[in-house]
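One structure is given here, and the rest of the page talks about it.
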Amino acid sequence: MKKIEAIIRKSKFDEVKDALHQVQVNFFSYWDVTGVGNEKEGHVYRGVTYSTSDIQRRYLSIVVSDSFLERTIDTILKTAYTGNVGDGKIFVSDISETYRIRTAEKGESSLK
Amino acid sequence: MKKIEAIIRKSKFDEVKDALHQVQVNFFSYWDVTGVGNEKEGHVYRGVTYSTSDIQRRYLSIVVSDSFLERTIDTILKTAYTGNVGDGKIFVSDISETYRIRTAEKGESSLK
Amino acid sequence: MKKIEAIIRKSKFDEVKDALHQVQVNFFSYWDVTGVGNEKEGHVYRGVTYSTSDIQRRYLSIVVSDSFLERTIDTILKTAYTGNVGDGKIFVSDISETYRIRTAEKGESSLK
Amino acid sequence: MENSLFTANNIWMMICTGLVFIMHLGFSFLEIGLTRQKNTINILFKNMFIICAGLVLYALIGFGLMYPGEFNGVLGFGGLGLNLPGNGLTAEYASGGYTYWTDFLFQGMFAATAATIVSGAVAERVKLESFILFTIIYVGLIYPIAGSWQWGGGFLSEMGFYDFAGSTLVHSVGGWAALIAVYLLGPRIGKFSESGKVGAIPGHNLPLATAGVLILWLGWFGFNGGSVLSADPAATSLVLVTTSLAAAAGGISGFLFAYIRYKKYDLTMFLNGVLGGLVGITAGADQMGITDSLVIGLLAGVIVVLGVALIDKLKLDDPVGAIAVHLICGIFGTLAVGIFGAKAGWEQFVHQLVGVGLIGLFCCVSAFIILFALKKTLGLRVSKEEEVEGLDLHEHGMTAYPDFRLD
Amino acid sequence: MENSLFTANNIWMMICTGLVFIMHLGFSFLEIGLTRQKNTINILFKNMFIICAGLVLYALIGFGLMYPGEFNGVLGFGGLGLNLPGNGLTAEYASGGYTYWTDFLFQGMFAATAATIVSGAVAERVKLESFILFTIIYVGLIYPIAGSWQWGGGFLSEMGFYDFAGSTLVHSVGGWAALIAVYLLGPRIGKFSESGKVGAIPGHNLPLATAGVLILWLGWFGFNGGSVLSADPAATSLVLVTTSLAAAAGGISGFLFAYIRYKKYDLTMFLNGVLGGLVGITAGADQMGITDSLVIGLLAGVIVVLGVALIDKLKLDDPVGAIAVHLICGIFGTLAVGIFGAKAGWEQFVHQLVGVGLIGLFCCVSAFIILFALKKTLGLRVSKEEEVEGLDLHEHGMTAYPDFRLD
Amino acid sequence: MENSLFTANNIWMMICTGLVFIMHLGFSFLEIGLTRQKNTINILFKNMFIICAGLVLYALIGFGLMYPGEFNGVLGFGGLGLNLPGNGLTAEYASGGYTYWTDFLFQGMFAATAATIVSGAVAERVKLESFILFTIIYVGLIYPIAGSWQWGGGFLSEMGFYDFAGSTLVHSVGGWAALIAVYLLGPRIGKFSESGKVGAIPGHNLPLATAGVLILWLGWFGFNGGSVLSADPAATSLVLVTTSLAAAAGGISGFLFAYIRYKKYDLTMFLNGVLGGLVGITAGADQMGITDSLVIGLLAGVIVVLGVALIDKLKLDDPVGAIAVHLICGIFGTLAVGIFGAKAGWEQFVHQLVGVGLIGLFCCVSAFIILFALKKTLGLRVSKEEEVEGLDLHEHGMTAYPDFRLD
Ligand SMILES: Nc1ncnc2c1ncn2[C@@H]1O[C@H](COP(=O)(O)OP(=O)(O)O)[C@@H](O)[C@H]1O
Ligand SMILES: Nc1ncnc2c1ncn2[C@@H]1O[C@H](COP(=O)(O)OP(=O)(O)O)[C@@H](O)[C@H]1O
Ligand SMILES: Nc1ncnc2c1ncn2[C@@H]1O[C@H](COP(=O)(O)OP(=O)(O)O)[C@@H](O)[C@H]1O
């Protein structure tokens, strides 16, 4: 099983979520993070203009069985894309075990 | 060393935390996330009733030495349980190295 | 590639961030979490004094190529340090693949 | 008239002026509370603009347009700026009710309200510059002209139309423009799904929305209480009672009716019910008895719930419910003067109907012309990208709670 | 009386009515600020309900119960609804202080306050329907009957009991019910650990709580200032001064005393101190001199800090400190009339004691009967699951800040 | 004078007192809104302290210092505490404008304002105890002495200086101390980078900051309207109009000028512009015509934007813009009395200049002495660690939104 962590634009979230549902990826968790990267955002506050690379992003954590890996990544790559600096990243890592608390099921079946 | 990520009901958090303390798991971090899953929650807003599967969850990230793995998982499985859809998940993955910043200790001793 | 997760004092964040920039670690994501650990914080509320080990921390998630690992950890160990209980932890784990959404690049090049 | 009575009257009118002023805080809270966080700065900016520009415009031209003195009943102009009449500071000016300055300021505070109503309805997608231009024209010209027909002594008042404090002249004037604007703008992304399902786009701060409603209720003491145009104890105190009872009844029937329909205690419908009751009583606040006010409030509470559902069904997207509250309840309240209370009667009802219709026609046509012209030139709506990312960052380079952190 | 003085008096009373009204915003802010976010909608809903239902009930029966005219001194009824007396709109009605309508509305705003006090104490665990029923009975019947004993000209006023603006008749009436309710409800989960340790359950918005206290202080200008029942310059201005100085002194002694005890500058105790001072001065606001007010405030600030600790020690869980503020300081303020100021004296003190005791007995017994009956039928308390997950989602299907995001 | 006029006047003055009181809520909202969340409790605590201690101190010594009766024009003392004169409650006391009690309370509410201004400027780094001591001395002694020179009938008023409601006597008195304090304290960590670049430290709650400005605007109705010292219809209503138009014009020019400079619609500059307009009109609110007020407002809006930039350039760190708003616009407003309106003229201008200079000298010197002494003893500034972690946790053991959660 794999964990896919995707850091995307907040404004792309709804699209990504809908697209994931299309490919039967119906389970994940997300939260908002601040991303530091290449993109800069212009601000003004009480007469000081400044630009910051600390930009709001949404962080998706999706644990999938190996067979779902590719479609999940493809879907995110496609729908989170704008082509502008700041589209975000996807990180993949291994998960050694998973449990569903409700049933105490282990392994792939706990992800369905 | 292992990282245990548990996504649980917010309402179960206090119980889980107390139970973890019982089994000497005294160190972890947590934050709130939105979970997308099987459970649905009914809402109403300005005359529109809707149900959403975006539900508030609490995300626990616990890094333990291997010998603590089992009891931690057992404890969570037991105390986060209600039996209803939406009890959450536990994910286990490997941690290759850990440091305690205060002492620059490495490895298992940094987790005590 | 490695994922470095650092849980540090909020008050140390600006220093850590600046120092990371010094060593060319310009990309990461962060968010605020509650940490449970050794440190205790004194509070008072409506006449009840209490101390809690639930303390606000900042969580940094930094994915780097292996060659950056050491300097990133060293920098954090140095700048997040105060010597008092509660300085936080660093966890290192493996990342099997990374993508840059904007370019669909894979692997190390997606981290630059 | 004795100086002391003149002084007392003028005090009351100044207090009412202050109360109507603070309604702008109420509207601001209500609007930001019911909308998403990413557009909060934009809404606050619009509201600050409305109150500031509204007052200045009313001083420059609005007051002269609305109270032109002797005129043909349709369009007159008393002159640019504020021209203190010889007796403007004496009891002669307005039967001892207030001075010329008080008169201007009280009316000026009203003027801005009409634009505020629109502001809520177009929130989260309107282009700031276009809204600013619309506000200038609508508050500077349309509102005072409509007002002159009745309160300026124009043809509607000649005819026998009655609108005590502005169910039609303020609330519907704003409400019609809101309707046109919402129609021309189209719904926010996500409000109606492709399959036609109505979505909910919850706001970000219901405590502030609730505070807004309580502040508006207080403000209505001045809005209606000041419309007595003196501190006459019998009239003012009656008006405060009818206003409060209608608000209370509206809230109760609003939440109960929503409970029956949706099986939940919906706070937002409670709030809308209160506002519906307030708008509904406004046209006849001085003509109603206790039972009348309660009935008007109860009906308004139900109407507002149905109205919100209707607007949704028409695929119009009104984030704060301005059309249901201000337009629909405004019409209901105006007609209610012909149905309940001291003026009830068939003839009065017809007058009310004519007034509602003519004002509606004038407002719709002029709002359409202004907004359509803006749509074809500057554009009315922000880009899709800006809408999704939020107007705050794009237009203002600022977010509403930049340093907010969780503990 | 001249019309101009009548008008001025009535203006003052209408303003005071508005100020008492806005206290409901103050209470709402205070209550939600000191409680957890997951119950915010529920508290706002209850507060909106209280003010709306309170006014309607007071119009239907409360006013008639509280001011029955000639009666036996214990229970009378002036009739259903509002019945404008012949002279109700003239200076004759109330020695020129106000009209009948103003009278009703001012008193109606007071009525709702008693229930609001309870609302804070039972927050975060009370069942909405049960609270609604309790409110209806308590505000509709109990409060006006208790009020009639003193302000309606009943036996307490005959005896010589003195309660200027309601330390007992409003604050304690609410406070006693809060005490009974808190006792019957039991503490929130987590407030007292099994080992008996007192836990802290911090609220979610202290800025709004602070705003609430400042708004309440302003509202008290109307609460106490209006209780003069005319705009008499000497009396009203004295009352505003004693009220403000007691509030100020209460805040200072509250925070200092808390600092001594807890070694921290506790904002919540500062706020409670201010409220304690306000409640404490209320019974004798027109009878006190400058020094008296300062002393009453200073004592109230200390009392409130001790009171909060005492309630905790008794294992009673009062999330916002309503019992310490309204009941304990209300009793203290009422007794203070016999100790400080113009009426000080042993005899007066005894009268005060009797008044406090009888009202307390009546309120406790009736609150107990109502609440116990509700407990045995509908149930008073939400399920454990609902309490843990929050009342907002369960009863209202809505959260307080649905779209709140971090920047 | 007839009793009815006396009553009406006194009502107006009491209302104005309430309005000035609620300015403290406005200031609190503004200050916390524009500062970081981690210092919110601290700022609220300071504000609560200021209003409470301000009132008590003013009762104990301030009122006697500020209005000593006959005195040498520089320093007098009317006696400790409040000593009701024989005619204090009659129309004789103040030409029928108000009673002695109203007088005290109205002036007392003003007194606290000066310290509040400082509070904003020193926010996020000042040591609580030091600030408390500073407040006690500055509000207890310096403010009333400066006030006595003009409003107490001292040498400035003899000379012909004019300051209607306190552009200098309140706002600059606060502003000068803010300047000295900011200078002695040094900037917050992060405000100016080592390379000298000016950083932005955004606040945490702009909706509350905006609400604060609207509440302050409302409060200014009392601040300026009450400075007429009676309810004279002509004067009070003019003052409300000039005040509102200057505020509106200030907001508009503020945001437009900021837009030209920074290419963004900066809400914070809109807010500062409104406040600049309000402070600017305050010295001559009763002397200006419509055009004068608009011009003063427009200029103040520009001045405030330039002022904020100037303070930044001087490497002074004023988190809420208090110096630009209260000091710079206060000076401008005072001088404007010699340039615009009924009193315009070279001689008046010189008087204004002298008044500004002397008050400035006195305030700077005394603020410097107090603050420097505090710096050398208790210390003015919190430790670096405390500043970084936030004053709330360290001084108060409490955070502002402890239970805030995201949905
Ligand atoms: N190495 C990394 N570790 C963690 N998060 C990262 C990393 N690199 C980028 N991010 C996240 O991705 C976001 C987008 O990256 P950015 O460099 O701005 O754009 P792009 O990927 O298009 O070059 C950043 O704001 C940050 O949240
Ligand atoms: N594959 C996944 N990756 C990440 N989080 C998940 C995943 N599956 C479930 N979750 C989290 O677990 C929560 C509970 O899951 P849900 O499907 O509602 O209930 P159950 O586990 O009882 O079937 C979800 O809201 C989500 O936060
Ligand atoms: N095993 C762990 N898993 C996850 N987070 C941890 C773990 N141990 C510590 N932390 C985080 O590190 C923070 C600091 O740890 P603490 O024990 O207080 O201090 P120290 O590391 O100096 O002994 C904690 O608040 C918590 O957020």
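If you're wondering where the values come from, they're calculated on a predicted model, not measured in any experiment. Labels below follow one simple rule: chain letters A, B, ... track the order of the sequence lines, proteins then strands, and each chain is numbered from 1.
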**Request:** Return the minimal non-hydrogen interatomic distance between Tyr59(A) and Ser61(C), and the atom names on each side.
**Result:** OH-OG, 3.7 Å
**Message:** If the threshold is 4.0 Å, N to carboxylate O, is there a salt bridge linking Glu5(A) and Lys3(C)?
**Reply:** yes
**Message:** Counting heavy-atom pairs closer than 4.5 Å to chain C, which one of Ile73(A), Ile8(A), Thr82(A), Ile4(A) comes out on top?
**Reply:** Ile73(A)
**Asked** How close do Trp31(C) and Asp32(A) get, heavy atom to heavy atom, and via which atoms?
**Response** CB-O, 4.0 Å
**Asked** Are the side chains of Arg100(C) and Ile90(A) in touch, meaning some heavy atoms are under 4.5 Å apart?
**Response** no
**Prompt:** If you count heavy-atom pairs under 4.5 Å between each of Ala6(A), Gly86(A), Gly37(A) and chain C, which one has the most?
**Reply:** Gly37(A)
**Asked** Applying the side-chain contact (heavy atoms from CB on, under 4.5 Å) test to Ser29(C), which of Thr34(A), Val33(A), Val36(A) qualifies?
**Response** Val33(A)
**Asked** Of the backbone (N, CA, C, O) and the side chain (C-beta and beyond), which part of Lys78(A) lies under 4.5 Å from a heavy atom of chain C, both, or neither?
**Response** neither
**Asked** If you round to the nearest 0.5 Å, how far is CG of Asp54(A) from CZ of Phe28(C)?
**Response** 7.0 Å
**Asked** Is there a donor-acceptor pair closer than 3.5 Å between any side-chain N or O of Thr98(C) and the backbone N or O of Phe91(A)?
**Response** no
**Request:** Please report the closest heavy-atom contact between Ser110(C) and Lys89(A), naming both atoms and the distance.
**Result:** O-CE, 2.9 Å
**Asked** In terms of heavy-atom proximity below 4.5 Å to chain C, should Ile55(A) be classed as side chain, backbone, both, or neither?
**Response** neither
**Asked** Relative to chain A, which segment of Lys106(C) carries a heavy atom at a distance below 4.5 Å: side chain, backbone, both, or neither?
**Response** neither
**Message:** With a 4.5 Å cut-off on side-chain heavy atoms, are Arg102(C) and Asn38(A) touching?
**Reply:** yes
**Message:** Tell me the closest heavy-atom pair linking Asp94(C) and Ser93(A), and the distance in Å.
**Reply:** O-CB, 3.4 Å
**Message:** With heavy-atom distances below 4.5 Å as the criterion, would you say the side chains of Ile101(C) and Ile76(A) are in contact?
**Reply:** yes
